[in-house]
Amino acid sequence: MVTRIQVDGDRPYEVLVGRDLAGQLPSLIEGASRAAVLFAAPLREQAARVAEAAGVPTVLIEVPDAERGKTVEVAATCWDELGSNNFTRTDVVVGVGGGAVTDLAGFVAAGWLRGVRWVPCSTSLLGMVDAAVGGKTGVNIAAGKNLVGAFHPPAGVLCDLDSLRTLPADDLTAGLAEVVKCGFIADPHILDLIESDPAAAADPGGPVLRELVERAIRVKAEVVSVDLKESGLREILNYGHTLGHAIEKRERYTWKHGHAVSVGLIFAAALSALSGRLDAPAAARHRAVLEALGLPTSYAPEAWPELLSAMRVDKKARAATLRFVVLDGLAKPGILAGPDESLLEQAYAEVAR
Ligand code: GLY
């Protein structure tokens with residue numbers, strides 16, 4: 001069974017969720033005369049299966065794994081490959097891998113001939129529920145992560161749940177932090193599902209994780225359908241991310257994104273409660289759900305000054321005061337702009353305890 005989730009906008013597309021999905025690729029790339037399949041070494045076999053199923057001649061392009069592949073230099077070698085294989089406007093780029101490989105593939109597609117079609121075949125939970133949906137593509141540079149990129153929606157997205165069976169358990173759990181975020185900002189049934197059976201939520205072969213993936217993708221699809229370029233509603237997807245990004249930076253990106261977001265969610269919930277916008281039980285529910293999944297909910301007390309200045313630098317770059325996504329209730333996200341430093345410090349005490 002394949003679930004199809006529609007993403008609207010100027011260029012609507014579908015996110016397909018199911019098992020053994022490679023055979024669906026031809027329907028997403030109709031009219032293409034060839035495809036470049038980008039992959040990192042651990043997913044060579046999966047990439048070969050996708051290439052075989054594409055129904056058109058393919059060029060397999062191996063890129064460095066994870067963030068090491070998300071560079072301008074790697075993108076340039078991919079463009080050279082497309083050039084030497086005479087890729088035209090009707091050809092497509094396919095990315096097989098986690099968020100890093102699909103972000104790179106999308107960026108390569110966005111740049112080639114000023115934009116060709118692309119399809120992310122997402123193999124990680126984080127990739128499925130976040131990176132592959134919404135058209136954000138890009139690479140990292142020395143000055144920071146994701147500073148160079150383009151909004152370039154894909155032609156379609158494949159989320160093959162079978163790939164989650166071989167995903168390290170730690171990566172699966174980390175990906176669930178983004179699912180929990182979707183539960184709090186838009187779909188509380190996600191929280192009910194996790195609370196009633198946290199082990200089933202993390203079982204890659206079971207129906208509960210499938211439902212969670214589909215629900216989280218629906219949340220993201222609805223948001224990016226109305227706000228592709230983050231000029232409004234899309235900001236709610238950053239719930240828990242302002243502190244999360246600061247932690248990732250302090251940890252020099254050795255922490256998993258989902259772990260940093262998990263701590264960030266506790267902070268955002270505390271901020272929501274302390275500013276009188278969220279009731280205490282709803283704030284406490286954040287810790288309960290995240291801990292039930294084995295996700296981290298605390299961070300070094302002494303790190304606060306460094307985290308605060310990292311958050312300020314982040315915001316300075318956007319020429320804005322500090323802004324946080326908070327909750328006015330379950331599924332009621334809002335914005336807290338320019339809070340007092342003392343309020344922020346009090347909220348951090350919930351994390352540092
Ligand atoms: N990861 C947040 C967004 O796609 O906007």
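As the structure lists them, so they are numbered: ligands from 1, and atoms in each ligand from 1.
No donor-acceptor contact under 3.5 angstrom links the side chains of Thr173 and Asp170, judged on distance only. Between the side chains of Glu248 and His259, no donor-acceptor pair is found at a separation under 3.5 Å.
Annotation: Trp118 is not in aromatic contact with Tyr13 [ring centroid separation under 6.0 Å not met].
Residues passing the salt bridge (charged side-chain N to carboxylate O under 4.0 Å, His left out) test with Asp227, sequence neighbours excluded: none.
With respect to the salt-bridge test (charged N to carboxylate O, under 4.0 angstrom), the residues Glu235 and Arg323 qualify.
At least one N or O atom of Lys220, backbone or side chain, sits closer than 3.5 Å to an N or O atom of ligand 1. Residue Lys136 has at least one N or O atom closer than 3.5 Å to an N or O atom of ligand 1.
Which parts of ligand 1 touch Leu237 is read off a 4.0 Å heavy-atom cut-off, strictly below it: atoms 3 (C), 5 (O). Atoms of ligand 1 found under 4.0 Å from any heavy atom of Asp130 (numbered from 1 in listed order, with element): 1 (N), 2 (C), 4 (O).
Protein heavy atom nearest atom 5 (O) of ligand 1, with residue, atom name and distance: Arg234 NE, 2.7 Å.
If you look at His241 next to ligand 1, there are no close heavy atoms at all, none under 4.0 Å.
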